[in-house]
Amino acid sequence: MDTITLPTAADMHIHLRQGTLMNMVTPAVAEGGVSICYVMPNLTPTISNTEMAVAYKAELEALAPKVTFLMSLYLNPALTPDEIRKAAKAGVRGVKSYPRGVTTNSESGIESYDIYYPVFKAMEEEGMVLNLHGEIPSDADK
């Protein structure tokens, strides 16, 4: 056997960005054989609520209608358990944690996880995934 043929692929960490770059990159996802994408929310502004995730997904689907886009929210202080439940009902699959200042568009990232325990509990109840960026929060003491 010389080759392996995959009927489709999933990209579970994709950055499709915005504007011209989004318009160029998104159609190429399907052309590259990917049919499922887990979309990162660190845009400008960050995808931090259900409405933003749904609107962004609609933009992506218009550019690549054969791709399934799994949406995530940006962990932020305004994110509440009620918003998590609303997002889950709308099909949002997870929340991404970005420590403040460690990567692209992480200026509004977190410094401590303590305030998010109620959000994490709601995520657990809704079956949503918590995605962690590899660095620790910016508070060196914790």
Report task. Group every Ile, Leu, Val, Met, Phe, Trp and Tyr by side-chain heavy-atom contacts under 4.5 Å, then state whether Phe69 and Val95 land in the same group. Result -> yes
Between the CG atom in Leu60 and the CE atom in Met71, the distance rounded to the nearest 0.5 Å is 5.5 Å
### Task
Apply the test side-chain contact (heavy atoms from CB on, under 4.5 Å) to residues Lys96 and His13: give CA-CA distance (whole Å), side-chain angles for both, the deciding distance (0.1 Å), then the verdict.
CA-CA 11 Å; Lys96 179 79 182 255; His13 183 122; 3.4 Å; yes
(request) Indicate, with yes or no, if Ile14 and Leu21 share a hydrophobic cluster defined by side-chain heavy-atom contacts under 4.5 Å among Ile, Leu, Val, Met, Phe, Trp and Tyr. (result) yes
Angle between ring planes, Tyr113 versus Tyr116, binned at 30° and 60°: parallel, tilted or perpendicular? perpendicular
dist Ile47:CD1 -> Asn76:CG (nearest 0.5 Å) comes out at 11.0 Å
Between the side chains of Ser97 and Tyr74, is a donor N or O closer than 3.5 angstrom to an acceptor N or O? no
Note: Pro27 and Leu63 closest approach over all heavy atoms is CG-O, 3.7 Å
Measure the shortest side-chain to side-chain distance between Pro41 and Tyr56 over non-hydrogen atoms and say whether it is less than 4.5 angstrom.
-> no
Answer with yes or no whether the side chains of Gln18 and Thr44 bring together a donor and an acceptor at under 3.5 Å. no
Value for CE (Met40) from CE (Met12), rounded to nearest 0.5 Å, stands at 8.0 Å
- Message: Same cluster or not: Val67 versus Val54, using hydrophobic residues (I, L, V, M, F, W, Y) connected whenever any side-chain heavy atoms lie under 4.5 Å apart?
- Response: no
Okay, side chain of Thr68, backbone of Ile36: is any donor-acceptor separation there less than 3.5 Å?
no
For Ala87 and Leu73, the nearest pair of non-hydrogen atoms, with its separation, is CB-CD1, 3.8 Å
The reported gap from CG in Leu130 to CG in Leu75 (rounded to nearest 0.5 angstrom) is 7.0 Å
>> For a quick check under 3.5 Å, do Asn42 and His133 share a side-chain donor-acceptor pair by atom type?
In response: no
Scanning both residues in full, the closest heavy-atom pair of Met128 with Val92 reads CE-O, 3.7 Å
Output for pair (Thr26 OG1, Glu61 CD), nearest 0.5 Å, gives 11.5 Å
>> Any side-chain to backbone donor/acceptor pair from Ser72 onto Val39? Under 3.5 Å, distance only.
In response: yes
Verdict with reasoning, Val34 to Thr8, per side-chain contact (heavy atoms from CB on, under 4.5 Å): CA-CA 6 Å; Val34 174; Thr8 188; over 6 Å; no
Stepwise salt bridge (Lys or Arg N to Asp or Glu O under 4.0 Å) test for Lys86 and Glu126: CA-CA 10 Å; Lys86 180 179 173 183; Glu126 295 295 334; over 6 Å; no
- Task: Without swapping roles, check the side chain of Asp11 against the backbone of Cys37 for a donor-acceptor pair under 3.5 Å.
- Result: no
Could you state whether Leu132 and Tyr117 fall into the same hydrophobic cluster, counting links through intermediate Ile, Leu, Val, Met, Phe, Trp or Tyr residues with side-chain heavy atoms under 4.5 angstrom apart? yes
Separation between CG (Leu16) and CE (Met22), nearest 0.5 Å, reads 8.5 Å
- Task: Go through the steps for Glu83 and Glu51 under the test side-chain contact (heavy atoms from CB on, under 4.5 Å), then give the verdict.
- Result: CA-CA 10 Å; Glu83 185 66 25; Glu51 290 78 15; 4.2 Å; yes
